[in-house]
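Here's the structure, in structure tokens; my notes come after.
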Amino acid sequence: MTKMNEKDAKILHDIMQPLNIIRLSCGNIRARMGSYSTEETEYLLAKLMRIEEQVVRATELLQDLKKHDDNDGLP
């Protein structure tokens with residue numbers, strides 16, 4: 001594998017941006033759920049947690065890809 005080129009870095013950035021927005025949006029939704037019933041809140045929190053777990057998973061995969069690419073060719 002060769003060092004990440006500018007096009008690949010842009011693609012990585014373009015994928016990471018929506019993931020960051022999704023994660024921030026989950027936090028904003030969670031902050032506004034105070035008026036919901038306990039049952040609704042528990043359900044929605046579980047769904048938000050699942051979304052956030054998958055965002056973290058995707059982000060880590062992309063960061064690992066970048067790290068492997070950045071470390072390629074080093075002694």
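Just so it is clear, the model here is predicted, and its values are computed rather than measured.
- Lys47 is linked by a salt bridge (Lys or Arg N to Asp or Glu O under 4.0 Å) to nothing, counting only residues two or more places apart in sequence or in another chain.
- Hydrophobic cluster membership is shared by Leu45 and Tyr36, with clusters built from Ile, Leu, Val, Met, Phe, Trp and Tyr side chains linked at under 4.5 angstrom.
- Atoms CD and CD1, on Gln17 and Ile22 in that order, are 11.5 Å from each other to the nearest 0.5 Å.
- Glu53 CD: more than 12 foreign heavy atoms inside a 6.0 Å radius.
- Of the inter-residue distances, the one linking Leu61 atom CG with Leu65 atom CG reads 9.0 Å to the nearest 0.5 angstrom.
- Rounding to the nearest 0.5 angstrom, the gap separating the OG atom in Ser25 from the CG atom in Asn20 is 10.5 Å.
- Leu44 places none of its side-chain heavy atoms less than 4.5 Å from the side chain of Ile29.
- Atom CZ of residue Arg30 and atom CE of residue Met49 lie 6.5 Å apart, to the nearest 0.5 angstrom.
- Leu48 and Val55 fall into different hydrophobic clusters, where Ile, Leu, Val, Met, Phe, Trp and Tyr side chains are chained together by heavy-atom contacts under 4.5 Å.
- Judged as a salt bridge (Lys or Arg N to Asp or Glu O under 4.0 Å), and not counting sequence neighbours, Arg57 has no contacts.
- When Ile11, Thr59, Ile21 are each tested for a side chain to side chain contact (heavy atoms under 4.5 Å, CB included) with Met16, only one passes: Thr59.
- Contact detail for Arg23 and Glu52: the closest heavy-atom pair is O-OE2, 4.0 Å.
- Residue Leu62 comes nearest to Leu19 through the heavy atom pair CD1-CD1, 3.7 Å, listed as atom of the first residue, atom of the second, then distance.
- Shown here are the salt bridge (Lys or Arg N to Asp or Glu O under 4.0 Å) partners of Glu40, two or more places apart in sequence or in another chain: there are none.
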